[in-house]
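Take a look at the structure below.
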Amino acid sequence: MAMIDYGPDALILKGLDGNNWRLKDYESRAGYQALKKILKDGIKPEDVIAEVKKSALRGRGGAGFPTGLKWSFMPRAFPGAKYLVCNSDEGEPGTFKDRDIIRYNPHILIEGMIIAGYAMGIPVGYNYIHGEIWADYERFEEALDEARAAGYLGKNILGSDFSFELHAHHGYGAYICGEETALLESLEGKKGQPRFKPPFPASFGLYGKPTTINNTETFAAVPYILREGGDAFLNLGKPNNGGTKIFSISGHVARPGNYEINMGTPFAKLLELAGGMRGGKKIKGVIPGGSSMPVIKGDIMMTLDMDYDSIAKAGSMLGSGAVIVMDETTCMVKAAERLAYFYYEESCGQCTPCREGTGWLYRIINRIEHGNGRQEDLDLLLNLADQIQGRTICALGDAAAMPTRAFVKTYREEFEYHVAHKRCMVGPGGYSTPAQHESLAMAAE
């Protein structure tokens with residue numbers, strides 16, 4: 001199990017040890033106080049949304065869209081059914097924070113979703129949970145049962161006029177179902193493939209009804225905002241980047257795990273919390289927000305802060321907060337090949353540029369890695385990435401194109417060396433065959 005750590009201002013992971021996830025434990029940490037405050041004081045739904053806007057909470061699933069603004073898109077006066085959906089389909093390589101929220105603090109997610117339902121006038125919610133974390137799905141179901149028994153879910157919650165029901169839905173492991181419209185298709189019992197947009201889910205979502213979709217960590221931040229105020233949450237971070245953020249740090253660090261720190265914390269501090277570089281090696285590159293984000297050179301990353309705007313200025317994205325750290329022994333061609341293979345395998349095949357293009361990206365990088373590349377392949381990869389990005393129904397094509405382009409541009413000399421010498425620049429004498437790759441991997445364990 002990856003370790004959990006947190007700063008002094010942590011809101012979601014603080015004090016959790018795996019044994020204190022029950023309702024009574026959550027209530028001892030001021031759990032459901034925000035919901036009680038809203039219902040007791042009769043706080044208007046529009047005032048709840050205004051508080052979330054003030055907090056500068058941005059979507060924690062990848063795009064970083066302002067949460068309060070997204071909630072304001074929901075047509076409250078719509079006469080028919082409306083739905084709230086939590087995207088817990090955490091399939092991005094390097095990302096493992098949402099499952100720990102479900103595992104260690106499920107009630108904070110439940111309370112956040114109830115408050116969101118109240119704010120947008122939504123009576124029903126679903127939590128779509130990734131297919132490969134069955135034990136966490138079962139735990140969430142137990143937490144739902146506890147919340148219902150205590151009167152936090154169901155009809156006339158805590159004696160008010162507000163009713164809200166919440167259900168868990170277990171996915172089946174497809175990466176594409178992390179895309180919000182593919183998730184909706186899967187939730188409806190259909191093949192998980194993205195929809196054309198527009199229309200957007202706020203007007204045509206689950207079962208064709210208005211739907212708001214947020215990430216697990218996004219909902220988990222809501223109880224604090226309504227309990228302590230939007231300004232308090234904003235002041236934990238920095239302008240336009242309110243609150244704390246959970247970063248899943250993995251790769252060549254001494255202590256991989258989830259770390260909840262204030263937005264705007266220097267990357268150097270995050271690396272220090274994770275024990276620094278494993279074995280005292282030199283940092284070579286960092287993917288700051290999940291495998292679909294452009295890689296940043298290590299020396300540049302050491303100067304950056306961990307917030308959406310700082311990472312964007314460096315040419316990448318904070319994304320889901322999955323920080324993949326690579327040391328000086330990493331073959332960047334091999335890393336690019338592995339990521340290209342993942343997106344090739346996970347493409348749903350609906351769009352030609354993605355279906356065909358991801359395969360081309362993988363095969364070209366694969367031949368470079370195994371000593372059969374040509375110098376013109378490097379510009380071909382860049383051209384292919386340009387032909388894929390922005391030309392697909394969903395962002396999976398972009399997710400394949402952006403890291404490929406960044407690896408080639410950032411570490412071009414390494415790709416050129418591969419082509420010219422038919423081996424890696426790193427490793428004992430270089431390596432180019434699958435057997436040698438496996439040998440090196442085993443030696444690193």
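These values consider heavy atoms only, across backbone and side chains, with no hydrogens, waters or symmetry-generated copies. No experiment lies behind these values; they were computed from the predicted model shown.
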For this session: Please answer whether the main-chain N or O of Leu57 pairs with a side-chain N or O of Ser55 as donor and acceptor at a distance below 3.5 Å.
Result: yes

Exercise. Looking at Arg139 and Asp136, does any basic side-chain N land under 4.0 Å from a carboxylate oxygen?
Worked result: no

For this session: List in chain and number order the residues that pass ring-ring contact (aromatic ring centres under 6.0 Å, His included) with Tyr128, two or more places apart in sequence or in another chain; answer none if no residue qualifies.
Result: His169

Problem set entry | salt bridge (charged side-chain N to carboxylate O under 4.0 Å, His left out) against Glu356, all qualifying residues, sequence neighbours excluded | none

Exercise. Between the side chain of Gln350 and the main-chain N/O of Pro194, is any donor-acceptor distance below 3.5 Å?
Worked result: yes

Problem set entry | Any side-chain donor near an acceptor of the partner, Thr67 and Thr218, under 3.5 Å | no

Problem set entry | Set of residues satisfying side chain to side chain contact (heavy atoms under 4.5 Å, CB included) with respect to Tyr26, sequence neighbours excluded | Arg29, Tyr32, Asn105, His107, Ile108, Glu111, Pro223

For this session: Measure across Ile122 and Met74 and return the closest heavy-atom pair with its distance rounded to 0.1 Å.
Result: CD1-CE, 3.8 Å

Exercise. What residues form a ring-ring contact (aromatic ring centres under 6.0 Å, His included) with Tyr224, not counting sequence neighbours?
Worked result: none

Problem set entry | Worked check of side chain to side chain donor-acceptor pair (under 3.5 Å) between Lys269 and Asn262 | CA-CA 11 Å; Lys269 176 62 177 178; Asn262 297 57; over 6 Å; no

Exercise. Any ion pair linking Asp100 and Lys97 (charged N to carboxylate O, less than 4.0 Å)?
Worked result: no

For this session: Indicate yes or no: at least one non-hydrogen side-chain atom of Leu236 is less than 4.5 angstrom from one of Leu11.
Result: yes

Exercise. Is Thr358 close to Glu346 at the side-chain level, that is, under 4.5 Å between some pair of heavy atoms?
Worked result: no

For this session: Kindly determine whether Ser248 and Asn258 satisfy side chain to side chain donor-acceptor pair (under 3.5 Å), including the steps that lead there.
Result: CA-CA 5 Å; Ser248 303; Asn258 283 315; 2.7 Å; yes

Exercise. What pair of heavy atoms forms the shortest contact from Gly192 to Cys348, and how long is it?
Worked result: O-CB, 4.5 Å

Problem set entry | Residue pair Met301 / Pro288, side-chain heavy-atom distance below 4.5 Å | yes

Problem set entry | Val323 side chain reached by Ile287 side chain, heavy atoms, under 4.5 Å | no

Exercise. Do NZ/NE/NH1/NH2 and the carboxylate oxygens of Arg60 and Asp98 come within less than 4.0 Å?
Worked result: no

Exercise. Any side-chain heavy-atom pair from Tyr259 and Ile246 closer than 4.5 angstrom?
Worked result: no

Exercise. Tell me, do Leu16 and Trp21 make a side-chain contact under 4.5 Å, heavy atoms counted?
Worked result: no

Problem set entry | Beyond-backbone contact of Met317 with Tyr308, side-chain heavy atoms, under 4.5 angstrom | no

For this session: Give a yes or no on whether a salt bridge exists between Lys245 and Glu260, defined as a side-chain N under 4.0 angstrom from a carboxylate O.
Result: no

Can you give me every donor-acceptor pair (side chain of residues 195-209, partner residue at least two apart or in another chain, under 3.5 Å) with its distance?
from	atom 1	to	atom 2	distance (Å)
Arg195	NE	Glu185	OE2	2.7
Arg195	NH1	Gly205	O	2.9
Arg195	NH2	Glu185	OE2	3.1
Arg195	NH2	Glu188	OE2	2.9
Lys197	NZ	Glu179	OE2	3.4
Ser203	OG	Phe200	O	3.1

Exercise. Between Arg405 and Leu381, is any pair of side-chain heavy atoms under 4.5 Å apart?
Worked result: no

Problem set entry | Cationic N near anionic O, under 4.0 Å, Arg99 to Glu90 | yes

Exercise. Side chain to side chain contact (heavy atoms under 4.5 Å, CB included) with Asn87: which residues, sequence neighbours excluded?
Worked result: Asp89, Leu183, Ile213

Problem set entry | Residues which pass salt bridge (charged side-chain N to carboxylate O under 4.0 Å, His left out) with Glu92, listed by chain and number, not counting sequence neighbours | none

Problem set entry | ring-ring contact (aromatic ring centres under 6.0 Å, His included) against Trp134, all qualifying residues, sequence neighbours excluded | Tyr137, His170

For this session: In plain terms, say whether Asp327 and Lys282 are close enough for a salt bridge, that is, a side-chain N and a carboxylate O under 4.0 Å apart.
Result: no

Exercise. Of all residues at least two apart in sequence or in a different chain, which pass the side chain to side chain donor-acceptor pair (under 3.5 Å) check with Glu345?
Worked result: none

Problem set entry | Minimal non-hydrogen separation, Cys86 against Asn215, with atom names | SG-C, 4.2 Å

Exercise. Please walk me through it: do Asp386 and Arg391 pass salt bridge (Lys or Arg N to Asp or Glu O under 4.0 Å)?
Worked result: CA-CA 9 Å; Asp386 290 341; Arg391 290 173 164 82; over 6 Å; no

For this session: To the nearest 0.5 Å, tell me how far Ile365 CD1 sits from Leu384 CG.
Result: 9.5 Å

Exercise. How would you list, by chain and number, every residue that makes a side chain to side chain contact (heavy atoms under 4.5 Å, CB included) with Glu51, sequence neighbours excluded?
Worked result: Lys54, Ile225, Leu226

Problem set entry | Residues, nucleotides or ligands: over 12 heavy atoms within 6.0 Å of Tyr417 OH | yes

Exercise. At their closest point, which heavy atom of Lys281 faces which heavy atom of Met277, and how far apart are they?
Worked result: O-CB, 3.2 Å

Seminar exercise, completed: ring-ring contact (aromatic ring centres under 6.0 Å, His included) filter on Tyr344, not counting sequence neighbours, yields Tyr362

Exercise. Around atom NZ of Lys190, are there more than 12 heavy atoms of other residues, nucleotides or ligands at under 6.0 Å?
Worked result: yes

Problem set entry | Whether Thr404 side chain and Ala400 backbone form a donor-acceptor pair below 3.5 Å | yes

For this session: Consider only side-chain N and O atoms of Tyr343 and Ser291, and report whether a donor and an acceptor are under 3.5 Å apart.
Result: yes

For this session: Would you tell me whether Asp398 and Gln389 have side-chain atoms, one donor and one acceptor, within less than 3.5 Å of each other?
Result: no

Seminar exercise, completed: Sorted by chain and residue number, the side chain to side chain contact (heavy atoms under 4.5 Å, CB included) partners of Ser310 (sequence neighbours excluded) come out as Lys238, Asp305, Asp307

Exercise. Taking NZ, NE, NH1 and NH2 as the nitrogens, is one of them in Arg338 or Glu369 under 4.0 Å from a carboxylate oxygen of the other?
Worked result: no

Exercise. Would you call Asp379-Arg412 a salt bridge at under 4.0 Å N-O?
Worked result: yes

Exercise. Looking at Met293 and Gly319, what are the two nearest heavy atoms and their distance?
Worked result: CE-CA, 3.8 Å

Seminar exercise, completed: Heavy-atom nearest pair, Gly275 first then Arg255, reads N-NH2, 3.6 Å

